[in-house]
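Shown next, in structure tokens, is the structure this report addresses.
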Amino acid sequence: MSTSADPLAALAALPGVAESVNAVRKAVDRVYGHRVMRRRSNEVTSEAALRGARGSAALAGADWALEEVRRRTDFGPEGEPRTVGAALRLTAEAGQLLNIWRQSPLRVLARLHLVAAGGAEGDEGIGRPRQSGEPVDEPLIGSDLPLPDADEVAGRLDGLARLLLAGSEAPALVTAAVVHGELLALRPFVSRNGLVARAAERIVLVGSGLDPKSICPAEVGYAELGVAPYMAALEGYASGTPEGMAVWIAHCGRAVELGVRESTAVCEALQRGAA
């Protein structure tokens, strides 16, 4: 990452990033301008939350049909049901943490992991960054992406928090992509890092004002684009090269656009009285 006074703004100047930012902005503006949003935005938000949670769970290995997620009320303590339940809990929790995020991103990340893990504060490995020697259970990310040690994780998390608190002129998409990519690359917790990273990205997109009503679920887009492209783009981020960073930001932008398309379809269905 750039060592300039505003490294996020430096990323925004990379070739191709401005095009992604503009495409996302236009897409978001279009869905916010839909006539349904004037009267029924709460319904669109609720549906986007459900679909976003389903998409995030799919990337974590629990690829359930939307209607199955909608109808289920029991999410067991193990396996895919636990993953889906964690994604739903995170989606509900993220919207309550915006004010805290602006003051203490690390506190929010700890809370998100606590919610995702479904444990209690103080349980081993839950709600805190991993310590030296602790294993990481993150099946999506294989051995091709090196796992930073606990000391590097602590330092980079602190750097990320300082960067966010300092503020930036960078577009929301760039900041959200960096938060998402950094958390996936670091895997700071013993489990559920992907779910936490995508929830944190959602907080940034909402809190920045790009998507204040949380109706543009990027998680839907990531799931639609597929695991292999997601991981390939993440490897670009982890490389730290300008080209790799630009690829990751563009991938995140495309995911937001697909989330917009999903919510536009929801708006159309509501307008027809079909949802």
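Just so it is clear, the values below take in all heavy atoms, side chains as well, and ignore hydrogens, waters and symmetry mates.
Under a hydrophobic clustering in which Ile, Leu, Val, Met, Phe, Trp and Tyr are joined whenever their side-chain heavy atoms come within less than 4.5 Å, directly or via other members, Val260 and Val206 fall into the same cluster. Under the 4.5 Å side-chain heavy-atom criterion for Ile, Leu, Val, Met, Phe, Trp and Tyr, Leu88 and Val220 are members of distinct hydrophobic clusters. By the rule that hydrophobic residues join a cluster once side-chain heavy atoms approach within less than 4.5 Å of another member, Leu147 and Leu195 end up as members of separate clusters. Cluster membership for Leu234 and Val153, using ILVMFWY side-chain heavy atoms within less than 4.5 angstrom, is shared. Note on Leu225: it does not cluster hydrophobically with Leu184, by side-chain heavy-atom contacts below 4.5 Å among ILVMFWY residues.
Sequence neighbours left out, the pairs with a member in residues 50-63 that pass side-chain hydrogen bond (donor to acceptor under 3.5 Å, both in side chains) are Glu47-Arg51, Arg51-Glu262, Arg54-Asp63, Ser56-Arg198.
The side-chain hydrogen bond (donor to acceptor under 3.5 Å, both in side chains) test applied to Trp101 returns no partner, not counting sequence neighbours. Scored by the side-chain hydrogen bond (donor to acceptor under 3.5 Å, both in side chains) test, Glu224 finds Arg261 as partners (sequence neighbours excluded).
Donor-acceptor pairing under 3.5 Å is lacking for the side chains of Thr91 and Arg202. With 3.5 Å as the limit, one finds no donor-acceptor pair spanning the side chains of Glu235 and Tyr230.
Note: Trp248 and His180 have perpendicular aromatic rings, judged against thresholds of 30 and 60 degrees for the angle between ring planes. Under the 30°/60° scheme for interplanar angles, the aromatic rings of Trp64 and Phe75 are found to lie parallel.
For Ser239 (side chain) and Gly244 (main-chain N/O), no donor-acceptor pair under 3.5 Å exists by modelled atom type. Checking side-chain atoms of Arg89 against main-chain N and O of Ala116 turns up a donor-acceptor pair under 3.5 Å.
Leu106 approaches Ala161 most closely through the heavy-atom pair CG-CB, 3.8 Å. Nearest heavy-atom pair across Arg102 and Asn99 is NH1-OD1, 3.0 Å. When all heavy atoms of Leu14 and Ala246 are compared, the closest pair comes out as CD1-N, 4.1 Å.
Heavy-atom neighbours of Arg39 CZ from other residues, nucleotides or ligands within 6.0 Å: above the threshold of 12. In the displayed structure, Glu169 atom CD is contacted under 6.0 Å by at most 12 heavy atoms of other residues, nucleotides or ligands.
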>> Please determine whether side chain to side chain contact (heavy atoms under 4.5 Å, CB included) holds for the pair Val44 and Cys267, giving the CA-CA distance in whole Å, both sets of side-chain angles, and the decisive distance to 0.1 Å.
In response: CA-CA 7 Å; Val44 181; Cys267 287; 3.9 Å; yes
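With salt bridges taken as basic N to acidic carboxylate O contacts below 4.0 Å, one links Glu68 and Arg72. Look at Arg156 and Asp158 and you find no salt bridge, because none of the NZ, NE, NH1 or NH2 atoms lies under 4.0 Å from a carboxylate O.
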